[in-house]
There are 2 protein chains.
Amino acid sequence: MLHVAEAARVSVATVSALINGTATVSPELSQRIEQAIRDIGYKRNAIARSLKMGTTRTIGLTVPHITNPFFTDVVSVIQQAFDRAGYAVMLCCTDEDLNTQDDQIKLLLDRMVDGLIVARVGDGAILKRIVDDANVPVVLLDRICKGVDTDAVVLDNQRAVFDAITYLINLGHRRIGYITGTSDISPMHDRMAGYREALHAAGLPIAEELIRFGNFHEIDGYNATMQMLSSHDRPSAIFSANNPMVIGTMKAIRDIGLSCPEDISVACFDDFPWSDVFQPQLTTVAQPVQAIGEQAANLLLDRLAGNRDAPPRKLLLKGRLMIRNSCRPLGAIAQSVSA
Amino acid sequence: MLHVAEAARVSVATVSALINGTATVSPELSQRIEQAIRDIGYKRNAIARSLKMGTTRTIGLTVPHITNPFFTDVVSVIQQAFDRAGYAVMLCCTDEDLNTQDDQIKLLLDRMVDGLIVARVGDGAILKRIVDDANVPVVLLDRICKGVDTDAVVLDNQRAVFDAITYLINLGHRRIGYITGTSDISPMHDRMAGYREALHAAGLPIAEELIRFGNFHEIDGYNATMQMLSSHDRPSAIFSANNPMVIGTMKAIRDIGLSCPEDISVACFDDFPWSDVFQPQLTTVAQPVQAIGEQAANLLLDRLAGNRDAPPRKLLLKGRLMIRNSCRPLGAIAQSVSA
DNA sequence: AACGCTAATCTAAACGTTTCGATCATGTCA
DNA sequence: TGACATGATCGAAACGTTTAGATTAGCGTT
């Protein structure tokens, strides 16, 4: 900018005024400056600008796994929204690890991101402290967090799973296996509540041996399914509260020599692009990923636009049960249906 | 830092020296400073540091679509690698659009990223200019670019498709449909060359009506497949050079009332997590995503570590044909196999 | 002709670091 | 005891912007 100013024989203030349109500059000087900018190939240094202005037009986004199709889609939508608004997005994947997450959030705050969208992991205390210290707007994505009272957009997980399990019950299933991630994050907790609520509402007992915990990965779903299917009194249906784990479930079913839906029905949380292409077509709970991503982006953009002290807004979206052919009717119902 | 210095009754220079370990500071002052840092809750401002140092410890990564499973995986690997090295990653999705890409690269360079990993789109000229101007190391990912002579890691696409098509030919297929993206990017060009080479090597004619161009999206695959299958002399196998498009292919096959592999064999480029779970299990060309991501990251990290004027390094990795059950033997071969 | 008003431009401080060279105390050696 | 090397600390400039406030020029009023 100094060089431009010299070449155009004006002060840097005038150059800045022209570039930012913060003051009127005469046509004559404007032209000289623009010429100089072109000659020199000047590009404004956004770092210096950020230092002076205290804003980076960059946000941080952390998710557990970008390979989880739900997060893949949401990240994609969020990235687009911020791109449109002229913001850059720094992406971090926490791998469901608390320390990693803390480090990454520190990394992002160090770099003075203007805002943060977080699909958090683990206990909220540290997140809360980090977020309170840095005075940066945060929106929680997918997972709320006790004690962290910020904007959030989440699914009505309990209701969504309630509907799915009720659907299975109505098909005649009585012993329904349930595979979940560790319940220290809200969606897993709420989904489990939906499972219990549905069984309870139908007057069915809750068999604790049918509830298995995993760590969100395919292998965990595989192991959990193997255990359930090897038992003397195996379930007739399995619901997986997490999408990557259902791959393990399907592989376990195959490896143990059973088939879906003939021998066992399967449904899971989170839809994915291939769900209605191959056999069996998995019945899933689809989240409105487009809406979730856009809402999260909008909440943050609104804060960034200056609306700082509005009370925290919590958005609760509805899931949708995508009924396909991976769950079959059982018993009396099966009779009447096939009749 | 000023506040810390005041609280500890030292100069900012000493605080800086202690924090960065750039000079020895006495135990006494060290303690005072550390105490002050704790009391105040001081955090170094990375923006100011970047301005002074001329480095941001941030890199830019642009891909066409993060929802393409190949890029999802590669992005994930790259993000992890840079996270380990203490770098932040700014992610952009170009949506296969040239202008978007140019804007995004400018956005990234504005923010003074230290390096760039680009799965480019469109013509190389603009990319080249942009990259030459900013003096920033670039590694090309997945797609090389005539005239842009930088580090690159790509697949041996021609060989990979040659192998896949040859496999189909060996199964007895003679009319093999080929669905591709626009061939102005190197992988599409090279894959097509592999297709032609395989047919040629087998002494088969190349039927231009069996080659269809799309824009990388599911709908394009759908339309292309519909056209091919409605023709009087439809192919017995279809190869899709792009993963999202094969979803469209499968849906078109279903909608037209045919089934795979009984009526038509299908194979495609890029493996995906569900490929061996559902029926039909798609035969695919798997890219070594882990290696690709790591190599790209390593090439860039090496440049960032100071190895600036080594000659450009081009890494050519091998694909692997994952044979599953979506392609069936035809004619005489089918006889002998089923016999 | 002196005055004030407006519009255009400039000067200089500030943002929060890093770092070069200067300063100062301390101990060592001739 | 004086000269000097050594080690610790500091002052101040620099990175490239933005911006408040000062300055200047031009013009119409009285």
Side-chain angles (χ1 to χ4, degrees), chain A residues 1-37 40-58 86 88 106-107 109-114 133-136, chain B residues 1-37 40-58 86 88 106-107 109-114 133-136:
Chain A
M1 186 140 153
L2 181 61
H3 298 120
V4 171
E6 280 170 358
R9 286 160 292 143
V10 299
S11 75
V12 289
T14 309
V15 177
S16 177
L18 177 65
I19 290 177
N20 299 308
T22 51
T24 49
V25 2
S26 69
E28 190 190 333
L29 291 202
S30 295
Q31 199 187 336
R32 288 219 307 267
I33 294 172
E34 274 157 8
Q35 184 62 46
I37 287 178
I40 297 185
Y42 166 78
K43 300 229 41 185
R44 178 168 66 190
N45 182 319
I47 296 293
R49 177 163 224 262
S50 292
L51 177 59
K52 183 66 189 170
M53 306 277 278
T55 167
T56 51
R57 287 193 85 76
T58 300
K106 277 186 206 133
L107 180 99
L109 292 178
D110 272 1
R111 284 168 174 70
M112 294 197 39
V113 291
D114 291 342
D133 284 2
N135 189 25
V136 150
Chain B
M1 185 140 153
L2 183 60
H3 298 121
V4 171
E6 281 169 357
R9 286 160 293 144
V10 299
S11 75
V12 290
T14 309
V15 178
S16 177
L18 177 65
I19 290 176
N20 298 307
T22 50
T24 50
V25 4
S26 69
E28 191 190 330
L29 291 204
S30 295
Q31 199 185 336
R32 287 221 306 268
I33 294 172
E34 274 157 8
Q35 185 62 47
I37 288 178
I40 296 183
Y42 166 78
K43 299 228 45 185
R44 179 169 66 190
N45 182 318
I47 297 293
R49 178 163 222 262
S50 292
L51 177 60
K52 184 65 189 168
M53 307 276 277
T55 167
T56 51
R57 287 194 84 77
T58 300
K106 277 187 207 135
L107 180 97
L109 293 177
D110 272 0
R111 283 169 175 70
M112 294 197 42
V113 290
D114 291 342
D133 284 3
N135 189 24
V136 150

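In the text below, chain A, chain B and the rest are named by the order of the sequence lines, each starting its count at 1.
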A.B. asks: Which of the following nucleotides, dT18(D), dT17(C), dG16(C), is nearest to the side chain of Val12(A)?
C.D. replies: dT18(D)
A.B. asks: Choosing from dG16(D), dG11(D), dT17(C), which nucleotide comes nearest the side chain of Ala13(B)?
C.D. replies: dG11(D)
A.B. asks: So how far is it from Ile33(B) CD1 to Glu28(B) CD, rounded to the nearest 0.5 Å?
C.D. replies: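 Interatomic distance, Ile33(B) CD1 to Glu28(B) CD, rounded to 0.5 Å: 10.5 Å.
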A.B. asks: Whole Å only: how far is the CZ atom of Arg57(B) from the P atom of dT18(C)?
C.D. replies: 13 Å
A.B. asks: Among dT9(C), dT17(C), dT17(D), which is the nearest nucleotide to the side chain of Arg44(B)?
C.D. replies: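 Within the option list, the nearest is dT17(C).
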A.B. asks: Please report the distance, rounded to the nearest Å, between CG in Leu29(A) and P in dA7(C).
C.D. replies: 17 Å
A.B. asks: Has Arg49(A) got a side-chain N or O lying under 4.0 Å from the OP1 or OP2 atom of dT18(D)?
C.D. replies: yes
A.B. asks: Can you check the Met1(B) CE to dC15(D) P distance for me, whole Å?
C.D. replies: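 Distance check: Met1(B) CE to dC15(D) P gives 18 Å.
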A.B. asks: From C-beta outward on Ser11(A), which listed nucleotide comes closest to its side chain: dG16(C), dC10(C), dT18(D)?
C.D. replies: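 Closest of the options to the side chain of Ser11(A): dC10(C).
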A.B. asks: More 5' along DNA chain D: Glu28(B) or Leu51(B), using each one's nearest nucleotide?
C.D. replies: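 In this pair, the answer is Glu28(B).
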A.B. asks: Nearest to the side chain of Ser16(A), which nucleotide is it out of dT19(D), dG16(D), dA8(D)?
C.D. replies: dT19(D)
A.B. asks: I need the NZ-C1' distance between Lys43(B) and dT17(C), as an integer number of Å.
C.D. replies: 15 Å
A.B. asks: For Gln35(A), what residues pass the side-chain hydrogen bond (donor to acceptor under 3.5 Å, both in side chains) criterion, not counting sequence neighbours?
C.D. replies: Arg38(A), Asp39(A)
A.B. asks: Of the candidate nucleotides dG16(C), dC10(D), dC10(C), which contains the atom at the shortest distance from the side chain of Val10(A)?
C.D. replies: dC10(C)
A.B. asks: Quick one: Asn45(A) CG to dA14(D) P, roughly how many Å, whole number?
C.D. replies: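 Whole-Å distance recorded here is 18 Å.
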A.B. asks: Is there a side-chain contact between Ser26(A) and the phosphate of dA8(C), meaning an N or O under 4.0 Å from OP1 or OP2?
C.D. replies: no
A.B. asks: Would you say Asn45(B) and Met1(B) make side-chain contact, with heavy atoms under 4.5 Å?
C.D. replies: no
A.B. asks: Tell me: CD1 of Ile47(A) to C1' of dT18(D), nearest whole Å?
C.D. replies: 16 Å
A.B. asks: Using whole Å, what does the distance between atom P of nucleotide dA20(D) and atom NZ of Lys52(A) come to?
C.D. replies: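 Rounding to the nearest Å, NZ of Lys52(A) and P of dA20(D) are 9 Å apart.
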A.B. asks: Using a cut-off of less than 4.0 Å, is there contact between a side-chain N or O of Thr14(A) and OP1 or OP2 of dC10(C)?
C.D. replies: yes
A.B. asks: Looking only at the side chain of Asn20(A) (C-beta and beyond, no hydrogens), which of the listed nucleotides dT18(D), dT19(D), dT9(D) gets closest?
C.D. replies: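 Looking only at side-chain atoms, Asn20(A) lies closest to dT18(D).
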A.B. asks: Just checking Glu6(A): does its CD atom have more than 12 heavy atoms from other residues, nucleotides or ligands closer to it than 6.0 angstrom?
C.D. replies: yes
A.B. asks: Between the side chains of Asp110(A) and Arg44(B), is the shortest nitrogen-to-carboxylate-oxygen separation below 4.0 Å, so that they form an ion pair?
C.D. replies: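 No, no charged N to carboxylate O under 4.0 Å.
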A.B. asks: Over how many whole Å does the gap from Leu18(B) atom CG to dT18(C) atom C1' extend?
C.D. replies: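 For the pair Leu18(B) CG and dT18(C) C1', the rounded distance is 14 Å.
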